[in-house]
Amino acid sequence: MSSSDIPTPDQASQHPDEVEEKNVHEVYQQIAGHFSSTRHKPWPMVERFLSGLTPGSVGLDVGCGNGKYLPVNRDVFIIASDRSDKLAQIAVQHQPHSTIVADILNLPHPESYFDFAISIAVVHHLSTPDRRVLAIREILRTLKPVDENGSGGRALVYVWALEQSTSRRGWDKGDAQDIMVPWVMKGKLAPGGAPTVEPKVFHRYYHLYSEKELEQDIHAAGGRVVESGYERDNWWAVATRND
Amino acid sequence: MKLFTANFLACAVKSCRTSPASFPLHFRDAELEQQELDFQPDFIRNILPRLDWDALQVIANELGFPKLPENKPADDSLGDEGLLRDIHKLLLETQVIEGKLVCGNCGHEYMIKEGIPNFLLPSHLV
């Protein structure tokens, strides 16, 4: 597909709610089954974070998708949430955890309660800088504050990087950061070769994070970055509250 | 949803956050189902300290279950496998399949469908 076929995010004339409804939420509702069938292998950094948790820890997976991180550690309890009820219906199978439908900007959890949170490949779907900061702030408020011994809740946030020149997409520093990325759902062929389901292309909105931008958003959200890095075309950071 | 999931849920409406009445949410018209789940005594032992026992008592009471022990099991009683099995059965194996969760502060009702509660807010509450 040539780049001219790809719609550009129409951020100027639309409310961010509408941008995300049309270009994120509705798309995930429609591609949920196919998306899930392509999402199995946990990213190493996420696996390391979850495996290192103390047994009995309680935490959140905000934007859990098909729940691929839920099987990593069965000694902790995770309340997984997704904006898409179709994805939540897939994630709910993973025991002993629980799955709910919720919005990252209005999480239905008590304050200062949780030992950990992960939000993997989610915050980059929010379509303004303010909303991305609000999303991180919303996750941070659910975490236990840091006590005098330095222990408190920790959140792992993972976002797609602008700097991924070696990836199939090939974006790099200096390229546009607010983009529409195509998701191609293959068609189905009948035994005779005639298509029974036509292939379909969906476009999802992404904000590609540049180096240090995730750390800046965490600071703006009132968090402290404990650790951060780059893994497989993504920037990640582990954050605590800073209050 | 497992009964004890309610221990980690509060009203999603921002103006309810400072109100103690927004936690726990209250089940209404709850349709219950027992679903067998592997009994992991260590999981229960580890998770117990993280539970808000008062909130659980409210929930169990509203759903008409026999009264939970007055105090949260700790120390010696954590060795009582029968007790842990009872807790497992009530908190993890009891599922709310259909019904509502209602905020005690604003009265908003969150629907539970096929065991999954939905906390998306209508635009006037965002």
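Naming convention: chains lettered A, B, ... in sequence-line order (proteins, then strands); numbering from 1 in each chain. Bear in mind the structure is a predicted one, so any value in this text is a computation, not a measurement.
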Could you look at B/Tyr110 and say if it's the side chain, the backbone, both or neither that has a heavy atom under 4.5 Å from chain A? neither
Please look at B/Leu37 and chain A and tell me whether the side chain, the backbone, both or neither of the residue comes under 4.5 angstrom of a heavy atom of that chain. side chain
How many angstroms lie between [atom1] in [X] and [atom2] in [Y], if you round to the nearest 0.5 Å?
X        : Y        : atom1 : atom2 : result
A/Gln95  : B/Asp38  : CD    : CG    : 9.0 Å
A/Thr54  : B/Asn46  : OG1   : CG    : 9.5 Å
B/Phe119 : A/His109 : CZ    : NE2   : 8.0 Å

Do you know which of A/Val58, A/Asp17, A/Asp75 has the most heavy-atom pairs under 4.5 Å to chain B? A/Val58
Looking only at A/Ala88, A/Pro110, A/Ala102, the option with the highest number of non-hydrogen pairs under 4.5 Å against chain B is A/Pro110
Around [X], counting heavy atoms of other residues, nucleotides and ligands shown, do more than 12 lie under 6.0 Å from its [atom1]?
X        : atom1 : answer
B/Glu36  : CD    : no
B/Lys72  : NZ    : yes
A/Asp147 : CG    : yes
B/Asp75  : CG    : no
B/Lys14  : NZ    : yes
B/Glu114 : CD    : no

Give the C-alpha distance, both sets of side-chain angles, the deciding distance and a yes or no for salt bridge (Lys or Arg N to Asp or Glu O under 4.0 Å) between B/Arg50 and A/Asp115. CA-CA 10 Å; B/Arg50 303 289 294 112; A/Asp115 303 305; 2.8 Å; yes
Contact part of [X] toward chain B, heavy-atom cut-off under 4.5 Å: side chain, backbone, both or neither?
X        : result
A/Ser98  : both
A/Leu107 : backbone
A/Arg141 : side chain

Max heavy-atom pairs within cutoff under 4.5 Å with chain A, candidates B/Thr5, B/Asp52, B/Leu9, B/Val126, goes to B/Leu9
Tell me, out of B/Lys113, B/Met1, B/Arg45, B/Arg17, who's got the most heavy-atom pairs with chain A below 4.5 Å. B/Arg17
Can you find a pair of side-chain heavy atoms, one from B/Asn7 and one from A/Tyr113, that are under 4.5 Å apart? yes
Can you confirm whether A/Asp103 sits close enough to B/Leu121 that some side-chain heavy atom of one is under 4.5 Å from a side-chain heavy atom of the other? no
Before you tell me yes or no, could you show the steps for B/Ile116 and A/Val101 under side chain to side chain contact (heavy atoms under 4.5 Å, CB included), namely the whole-Å CA-CA distance, both residues' side-chain angles and the distance that decides it to 0.1 Å? CA-CA 7 Å; B/Ile116 301 176; A/Val101 175; 3.8 Å; yes
Check the angle between the aromatic planes of A/Phe114 and B/Phe8 and answer parallel, tilted or perpendicular using the 30° and 60° thresholds. tilted
Closest approach of A/Phe77 to B/Ile47 (non-hydrogen atoms, all atoms of both residues): CB-CD1, 3.5 Å
